[in-house]
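In what follows, a single structure is set out as C-alpha cells and then discussed.
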Protein chains: 2
Amino acid sequence: MSQEHIKELVDRYISLSFSVAKKGENLVKCQIGDDLTNDQHYTLRYIHQVSECTSTELAEVFEVKKSAITAIINRLWEKGLIQRTRDQKDRRVVYLTLTDKGNILFRKTENRIHKLVESLINKFEQEEIEKFLKTYEKLNQVLTESKDYKMEE
Amino acid sequence: MSQEHIKELVDRYISLSFSVAKKGENLVKCQIGDDLTNDQHYTLRYIHQVSECTSTELAEVFEVKKSAITAIINRLWEKGLIQRTRDQKDRRVVYLTLTDKGNILFRKTENRIHKLVESLINKFEQEEIEKFLKTYEKLNQVLTESKDYKMEE
DNA sequence: GTTAATAGTTAAACAGTTGAATTATTAAAT
DNA sequence: ATTTAATAATTCAACTGTTTAACTATTAAC
C-alpha cells in the first residue's frame, strides 16, 4: 500500500472514530438525562452485567488506575446506586453490587438507549452489521496485541 | 430483527467501541509523549488541516461549548504552539494558527502516530478496510441525522 | 514472626467540561 | 442615528475523570 493511501485511510479513520464517538456519547447522554454521566452509566452497565465485581477488576477493564475507580464508585455510592460489601474471608476485598435503586435506574436508562439504537440499527443490512463488527473485533484484537508497541528509532 | 439479536449487537458494539477507543487512545498517548494530551494533539491536528480557524468553528467540530475551547487553546498558547490573530474587519473574531514550534511538534508526533498505524494496518486486507470505513461513514451519517432524536413517551 | 505483596482509599494536582455572566464589537430595527 | 439584538470570545465557579504518591488494612511468603 502506498504511503499516500495509508495516510488517507488513517486520516479517515481518526476523523471518523472521533466523530462517531462524540456523536454517540451525545446521543446517549440525551437518553440518560441528568441523573448520570456516561461513564457512570457505563460503570453501572458493567456491574449489572457481571452482578458483582471489585475495584481492581473495574480498573483493569476500563484501563485506568484504581484511584480513578474509587472516585467514580464514591459518586455512585453517594447517589445510593451501589453497595459495598467486604469479603469475610479476605477482608481487603470489597465487592461492588447495584442497589435496588441502582438496578431500577440502570434498567430505565438502558431501555431508552436500547430504543435509540434500535431506531438506528434499522438503517443497516444485517450482513453489513455483522461484517462491520467482525472487522471491529479484529481491530480490537490487533490493538490488544500492540499494547506494548514502541518506536524503533 | 429479533429483540434478542438487537440486544446482542448493541452490547457487542458498545463494548467494542469503548474498548477500541480506550486502547487507541493509550497507544496514541505513548507516541505523543508528555508534551501534549490527546485532545491537545487532536486540536493541533485540526488547525493544521485547515490552516486557520476560529474558536466557534472548533466548538462546532468538537461538539463542545466555546468556553471548553478557550481552555484548551489557552494551554496550547501558553506552550507557544498556537497564535491568536484578530480579524481587522470584524474585530470580534480571533483566528487561530500554529506557530513554527506548533507545526514542528505536530509533524513530529503525527509522524510517530502514522508509523504506528502503518504497523497495524498491514494486518488487514485493503478491501476489508474499505468496507469497514464505508460502514463507519454511514454510521457517522446516521448519527448526524439522529442528532435531535427524542423519545416518544 | 518479620517481610512482601495485595486491595482499597485519600489527597493534591491537572485536563476537560458546562453554565452563567461579562466584554467588545457588529448587525438590525424603526 | 440611536437604541436594541445578536455574535465572538473570554472569565469564573463548579464539577467529572484522571494520575501519582502516600497511606491503611489485611493477607501471603519465607
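The figures here come from the full heavy-atom set of this structure, side chains too, leaving out hydrogens, waters and symmetry mates. Since the structure is predicted, the reported quantities are computational estimates derived from the model, not experimental observations.
- In terms of hydrophobic clustering, with Ile, Leu, Val, Met, Phe, Trp and Tyr side chains grouped at heavy-atom distances under 4.5 Å, A:V50 and A:V61 are assigned to a common cluster.
- Projected onto DNA chain D by closest heavy-atom contact, A:D90 and A:D39 fall at different nucleotides, the more 5' of which corresponds to A:D39.
- Counting only heavy atoms from C-beta on, B:A68 has its side chain closest to C:dT18 among D:dT16, C:dG8, C:dT18.
- Across every strand in view, C:dT26 sits unpaired, with no contact that passes the Watson-Crick or G-U test at under 3.5 angstrom.
- When heavy atoms are screened at a 4.0 angstrom cut-off, B:T54 is found touching the sugar-phosphate backbone but no base atom.
- The distance between atom CD of B:Q40 and atom P of C:dT17, rounded to the nearest whole Å, is 11 Å.
- In this structure, B:K66 reaches the bases: a heavy-atom distance under 4.0 Å links it to at least one base atom across the strands shown.
- The residue B:I72 sits close only to the backbone: its heavy atoms come under 4.0 Å of sugar-phosphate atoms, none of a base.
- Counting non-hydrogen atoms under 4.0 angstrom, B:S55 reaches the backbone sugars and phosphates but no base.
- Applying the 4.0 Å criterion to OP1 and OP2 of C:dT6, one finds that A:T56 has every side-chain N and O outside that range.
- Here D:dC15 presents its P atom at 19 Å from NZ of B:K65, a figure rounded to the nearest Å.
- Remark: C1' of D:dA9 and CD of B:Q83 are 18 Å apart, rounded to the nearest angstrom.
- Pair assignment for C:dT2: D:dA29, on the basis of Watson-Crick or G-U wobble contacts that are both within less than 3.5 Å.
- B:E137 is linked by a salt bridge (Lys or Arg N to Asp or Glu O under 4.0 Å) to A:R12, counting only residues two or more places apart in sequence or in another chain.
- Inter-residue side-chain proximity for B:R84 and B:I73 is flagged as met; some heavy-atom pair is nearer than 4.5 Å.
- Nucleotides of DNA chain C nearest to B:K79 and A:E57 differ in position, and the one nearer the 5' end is that of A:E57.
- In this entry the distance linking CD of A:E60 with P of C:dG8 reads 10 Å, nearest Å.
- Following rounding to the nearest Å, B:E25 (CD) and D:dT18 (C1') show an atom-to-atom distance of 12 Å.
- Atom P of nucleotide D:dA5 and atom CZ of B:R92 are separated by 16 Å, given to the nearest angstrom.
- When the P atom of D:dT18 is taken as reference, atom CZ of A:F62 falls 9 Å away, rounded to whole Å.
- Membership of the apolar cluster around B:Y95 extends to B:V93, as traced through chained side-chain contacts below 4.5 Å between ILVMFWY residues.
- For A:I82 and C:dG8, the CD1 to C1' distance is 15 Å, given to the nearest whole Å.
- Residue B:S55 holds its OG atom at 11.0 Å from CZ of B:F62, rounded to the nearest 0.5 Å.
- Atom NE2 of A:H114 and atom CD1 of A:I121 lie 8.0 Å apart (nearest 0.5 Å).
- Base orientation of C:dA4: syn, the glycosidic angle falling within 90° of 0.
- Backbone-only contact: A:R84 has heavy atoms under 4.0 Å from sugar-phosphate atoms and none from a base.
- Summary of the strand contacts: B:V93 and A:N38 both lie near DNA chain D, and taking for each the nucleotide with the nearest heavy atom, the more 5' one is attributed to B:V93.
- Judged by distance alone with a 3.5 Å cut-off, a donor-acceptor contact links the side chain of A:S67 to the base of D:dT20.
- Residue contacts for A:T70: at a heavy-atom cut-off of 4.0 Å it reaches a base atom on one of the strands shown.
- No engagement by A:K29 is indicated, since no non-hydrogen atom pair under 4.0 Å with the nucleic acid exists.
- Between B:R75 and C:dA15, a side-chain N or O to OP1/OP2 separation shorter than 4.0 Å is present.
- Applying the 90° criterion around 0 to the glycosidic angle, D:dA6 comes out anti.
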